[in-house]
Amino acid sequence: MNSLAIVGVDVVDCTGAPTRERQDVLVEDGRITSIAPSGTAAAASSDSGVVIDGAGLTLVPGLMDAHAHVALLGSDGTHGDLPWAEHVLQVVDVIGRALDEGFTTLRDACGTEPIFATLVASGRIRGPRILPSGSVLSQTGGHGDLRPAHHGGSRPPTIPGLVARPEVVDGVDAVTRMTREQLRRGATQIKMFAGGGALSPTDPLESVQFTVDEIRAAVTVARSWGTYVHTHCHTRPTMHNALDAGVRCIEHGTDMDEETADRIVAEGVFVVPTLSVSYDLLQAREAAGITPAQIAKLESMQGRRDEGMRVMVDRGVKMASGSDIVGPVQDRRGRELTHKAAVIGNERALVAATRTTAELIGRADDLGTVEVGKIADLVLTDGNPLDDIEALAAPSRIQYVLQGGRVVRDQRSATATA
């Protein structure tokens, strides 16, 4: 039996309970078996093989990013232009960095070939578990149709097993076939662009993309595989189309209002607001090479997005957490929590990145909270994020990361073997 004890740590379990100070958390064979006050009989009952001194640290569940793009290495949101060998090495580096920053699960929202998830699961790549969406589905002229307006019919192709570029499809039959193709290649859920975007070259932000029937075709296929569709939607009409089609999750939800939020709640749909990417692009607009039109679209989203999040909180929308960050570095993934906390508060931001995201991906029985029986995906940081959310945004403050009960980051180098 593999066992581990974290002693004297403060626990924020993300169940809604207050912080429990000076607890001993016992882990056996990758799962939490006991949480009890330090020094009690229950806490002392385990003959643990590894002991972590948690004094002065706070323990939270492993963080989750439900809108990652670990293979989109271009600062403009594309795969970039590296040689393929260098591209693969950089994707591996981005994946490992996410784990070091306390993210033990990533739902990749498009662009990453499922082989990277397979390599992580087999232990050949060090990183969080990855749930890949593979190639996103876009209509002609949609958010994923990356051709400039003066270009003709050719688009850079997907290279199975290496790079998952957007797939441009039109009509129910084409959507059905491409959804099946993504599932065949290993996608764990299907992503569609149901409306305009900020960085795409030709589509207005307010454009409505794909018909309800087209989206429903993908939903039908996904459900037949026991999975779901999530859709990129900034505007209300696009959100209502996605809801009409039966999607499980809406990405962004920028222009949320009470009527739309109430419908989302009634239908049990999740929303993943994303803040970091627009902050990044607006702060580094020259390096990203974005156009004045793209800047205008990003700026138009800022105020609406924050107000939309407040509406979601007020109406009880199930809000998960995603960063949408792209580029060659993709560091400080946890600043997404800082941005969200500024609008909805520290605890809601933390719960969105743990418990609610676990519910979204169908892993609430195993992940998302610190409870007996759960998989020991855990983060120990040098401050209580309920008081100081920067404790999860600054990588230097993440002292330990556990994944399935194994120590995968030891910043303090203070693990003792009994």
Side-chain angles (χ1 to χ4, degrees), residues 66-69 71-80 107-112 133-149 151 155-156 164-170 175 190-211 214-215 218 229-242 245 247 249-256 260 271-282 284-285 288-306 308-309 322-327 336:
H67 197 117
H69 293 295
L72 298 186
L73 302 180
S75 56
D76 59 353
T78 68
H79 286 89
R107 188 186 65 167
D108 196 273
C110 77
T112 302
S133 298
S135 293
V136 63
L137 276 58
S138 172
Q139 69 173 39
T140 297
H143 184 40
D145 189 342
L146 302 179
R147 298 170 296 168
H151 280 202
R155 292 180 294 271
R165 289 197 170 105
E167 297 288 354
V168 177
V169 289
D170 298 293
V175 168
I190 299 298
K191 170 79 175 295
M192 301 182 76
F193 287 138
L199 295 183
S200 39
T202 61
D203 59 324
L205 186 65
E206 295 77 15
S207 61
V208 178
Q209 299 175 12
F210 283 124
T211 65
E214 287 172 315
I215 301 171
V229 172
H230 59 129
T231 49
H232 163 108
C233 301
H234 286 295
T235 64
R236 298 168 197 173
T238 61
M239 287 187 267
H240 282 280
N241 268 10
V247 306
C249 179
I250 289 170
E251 308 298 308
H252 312 302
T254 302
D255 201 20
M256 187 70 64
T260 307
V271 179
V272 182
T274 58
L275 283 67
S276 291
V277 65
S278 59
Y279 279 106
D280 287 355
L281 291 170
L282 288 172
R285 58 190 71 185
I290 55 178
T291 67
Q294 291 169 329
I295 291 170
K297 286 196 279 187
L298 286 166
E299 289 178 339
S300 75
M301 292 160 52
Q302 295 282 69
R304 288 186 289 168
R305 181 204 60 207
D306 291 355
M309 288 181 62
S323 67
D324 201 14
I325 58 174
V326 296
E336 179 67 26

Residues M239, V247; criterion side chain to side chain contact (heavy atoms under 4.5 Å, CB included); working and verdict: CA-CA 10 Å; M239 287 187 267; V247 306; over 6 Å; no

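- A distance of 10.0 Å separates OG1 in T211 from CG in D170, rounded to the nearest 0.5 Å.
- At a threshold of 4.5 Å between non-hydrogen side-chain atoms, the residues R107 and C249 count as touching.
- G144 and S138 get closest at one heavy-atom pair: N-OG, 3.1 Å.
- The heavy-atom pair separating L275 from E336 by the smallest distance is N-OE2, 3.0 Å.
- In this structure, I215 and F210 approach most closely via the heavy-atom pair CG1-CB, 3.8 Å.
- Taking CE of M256 as the start and CE of M309 as the end, the distance is 10.5 Å to the nearest 0.5 Å.
- If you run side-chain contact (heavy atoms from CB on, under 4.5 Å) between D255 and each of R236, H234, R305, only R236 comes through.
- From N241, atom CG reaches atom OG1 of T231 across 9.5 Å, with rounding to the nearest 0.5 Å.
- For the pair G141 and T202, the tightest heavy-atom approach, listed with the atom from each and the gap, is O-OG1, 3.8 Å.
- In this structure, C110 and S133 approach most closely via the heavy-atom pair N-CB, 4.1 Å.
- Aromatic ring orientation, H252 versus H67: tilted (interplanar angle from 30° to 60°).
- Counting only heavy atoms from C-beta outward, the side chains of D145 and Q139 never approach each other to under 4.5 Å.
- When all heavy atoms are compared, the tightest approach of C233 to A194 is SG-CB, 3.8 Å.
- Under the 4.5 Å side-chain criterion, counting only non-hydrogen atoms from C-beta, Q209 is not in contact with L137.
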Test side chain to side chain contact (heavy atoms under 4.5 Å, CB included) applied to M192 and V136, step by step: CA-CA 6 Å; M192 301 182 76; V136 63; 5.5 Å; no

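- A 4.5 Å side-chain heavy-atom check between H79 and L72 finds at least one atom pair inside the cut-off.
- For the atom pair H69 NE2 and T112 OG1, the distance stands at 8.5 Å (nearest 0.5 Å).
- Atom NZ of residue K191 and atom NE2 of residue H230 lie 6.0 Å apart, to the nearest 0.5 angstrom.
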